[in-house]
Amino acid sequence: VTSERATVDFDHYSKEFATAPRETWDSMMSKCPVAWSDHHGGFWVISDYDGVSTVSRDVETYASRNDQDPESIYRGVAIPNGSVRFVPVETDPPEFYGYRRLLTPFFSPGSVERRKPRIQEIADALIDQVIESGQIDLVEDFAGVLPAILTLELLGIPISEWQKYARPMHAFIYTPSDAPERDQVVQEFLGITTALVDVIEQRKKEREDDFVSFLIDAKIDGQLLGDEMILGICMVVVGGGVDTTTAATSQALNYLSQNPIARQRLIDEPELMASANEEFLRFFTPVQTIGRTASRDVELKGQHISRGDRVMIAWAGANQDESEFPRPHDLQLDRSPNRHSAFGLGIHRCIGSSLARTQMSIMIRTVLDRLPDYVVDTEAARPYTSIGQINGWISIPAAFTPGKQLNTGSI
Ligand code: HEM
């Protein structure tokens, strides 16, 4: 039996949502976990664990593909739809499997393990730059920088000019489209594309041990990928991996400053790091939402979803659903079980999850080791003014007792 359409006045880009995301999800989940919003051309919002789990696993009904064709119903995973097609995120089976299989070895736990010493080296070099001053911006000097440098290196972009790329990678996400500095930020971000095109050309002449060289020789069904696809995949690694990891780490470091008991516990019981990481991911859910398109008419929790309707999966809603997470608004460093959806669920589940977890643990651990008494200036700290998809911080200034440089390596 289909009841009347449940509607909700929800805009993920609004100031109201950025100010109170938790309250918004609680209210939607309790009143109408499947509800229609008229914003951005109209879309369904699925906000409880059960609904999110159903939709993300039923890839035949809820499609990810982005045809980039105004005639097609398939408009990818961004609501409103984006101008670039991200691969493999915006593909469906069977095409999807070829790309996913190709990329998996590069992001395997073993391959991430081999990068650990380098991640630690970058973390320590960044802290060395500020440790004698007693002042740090946890985002701009640290959590916003390490994932960017690591990603540039992974791709093979020479990082001697890392400042040129690191900040724009972060600023591209948080600078609103109507901000005066938007054009500048976009230009700098596009500089990454230009640098990548150069790298692709160079690696074609001479291979190196990097992701671009790997993609140049990679084949799917006997076919080489082609320049456009190589660039597209690299941009997914930039777009999917950098600001998410920055947001997750910034949220955790900010929380630990404001909760000294939790911080001390993590210092005293380092073995808690793994479960604490999962709880930070659940509690803050850096990627709050993602989109799909209904490929057929379907009933979900008494609501009629029509073929062609846009559907938003609220990972963040699912992650605070009481039926899956007892006392969801308590951050419990040792929460178990913790089957959170911060990395997504189903076949598109984040391919970079090992790399993200490793970067997060190393960054958090390094701050706790080297600046154990850091205190965030909560008045000066600035969260994203609009969440959209990513929930993070622009700037988190903090003070601490100055220490000594380690000089164990350089960026
Ligand atoms: C804390 C950090 C991260 C979070 C919260 C996160 C979150 C997510 C989520 C929710 C999805 C699912 C998308 C969907 O269902 O449509 C996803 C997919 C993906 N992520 Fe991540 N991610 C993180 C870090 C990374 C990193 C470090 C990389 C790569 C270097 C990466 C690359 C990707 C890619 C390529 C996909 C698409 C996978 C596919 O379609 O099969 N992510 N991520």
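Counting starts at 1 for both ligands and their atoms, in listed order. Values below: every heavy atom of this structure, side chains too, minus hydrogens, waters and symmetry copies.
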Side chain, backbone, both or neither: L345 near ligand 1, heavy atoms under 4.0 Å: neither

Where ligand 1 meets F107 - atom numbers and elements under 4.0 angstrom, heavy-atom basis: 29 (C), 30 (C)

Which segment of F86 sits under 4.0 Å of ligand 1 when only heavy atoms are counted: neither

Mutual orientation of the aromatic rings belonging to Y384 and Y174 [parallel < 30°, tilted 30-60°, perpendicular > 60°]: tilted

Counterpart residues, side-chain contact (heavy atoms from CB on, under 4.5 Å), relative to D92 (two or more places apart): A63, S64, R65

More than 12 heavy atoms from other groups under 6.0 Å of NZ on K15: no

Exam field: side chain R310 to backbone R75, donor-acceptor pair closer than 3.5 Å: yes

Spatial distance of atom CG (D137) from atom CD (Q135) [nearest 0.5 Å]: 10.5 Å

Ligand 1 atoms in contact with F96 (distance to a heavy atom under 4.0 Å): 39 (C), 40 (O), 41 (O)

Ligand 1 versus Y99: contacting region, heavy-atom distance under 4.0 Å: neither

Protein heavy atom at shortest distance from atom 36 (C) of ligand 1: V89 CG2, 4.0 Å

contact_flag P88 ligand 1 heavy-atom lt 4.0 Å: yes

Criterion ring-ring contact (aromatic ring centres under 6.0 Å, His included) against H12, the qualifying member of F43, W315, W25: F43

Of the listed options S354, S56, G239, A342, closest to atom 5 (C) of ligand 1 (non-hydrogen atoms): A342

Proximity to ligand 1 by part of I290, non-hydrogen separation under 4.0 Å: side chain

Listed partners of Q184 passing side-chain hydrogen bond (donor to acceptor under 3.5 Å, both in side chains), at least two apart: E188

Distance filter under 4.0 Å to V236 heavy atoms, resulting ligand 1 atoms: 35 (C)

Pi-cation contact, W44 with R292 (under 6.0 Å, within 45°): no

Salt bridge (charged side-chain N to carboxylate O under 4.0 Å, His left out) assessment of D128 paired with R370: CA-CA 10 Å; D128 274 359; R370 299 191 59 196; 2.7 Å; yes

Exercise: do D183 and Q187 side chains pair donor with acceptor under 3.5 Å: no

Considering all heavy atoms, the nearest R357-N277 contact: O-ND2, 3.4 Å

Numbered atoms of ligand 1 (with element) below 4.0 Å of L281, judged on heavy atoms: 1 (C)

Distance-only N or O hit between ligand 1 and R349, under 3.5 Å: no

H348 and ligand 1 - part of the residue with a heavy-atom distance under 4.0 Å: both

Note: E60-R296 ion pair, threshold 4.0 Å (strictly below): no

Polar contact flag for Q359 and ligand 1 (N/O pairs, less than 3.5 Å): no

N or O contact, R292 vs ligand 1, cut-off under 3.5 Å: yes

Numbered atoms of ligand 1 (with element) below 4.0 Å of V237, judged on heavy atoms: 30 (C)

For R100, the ligand 1 atoms whose distance to one of its heavy atoms is below 4.0 Å: 38 (C), 39 (C), 41 (O)

Atom 21 (Fe) of ligand 1 neighbourhood, protein N/O/S only, threshold under 2.8 Å: C350 SG

Residues forming a side-chain contact (heavy atoms from CB on, under 4.5 Å) with R282, sequence neighbours excluded: E279, N319, F325, P328, R335, N338, H340

side-chain contact (heavy atoms from CB on, under 4.5 Å), paired with R307, selected from D297, V298, T61, T293: D297

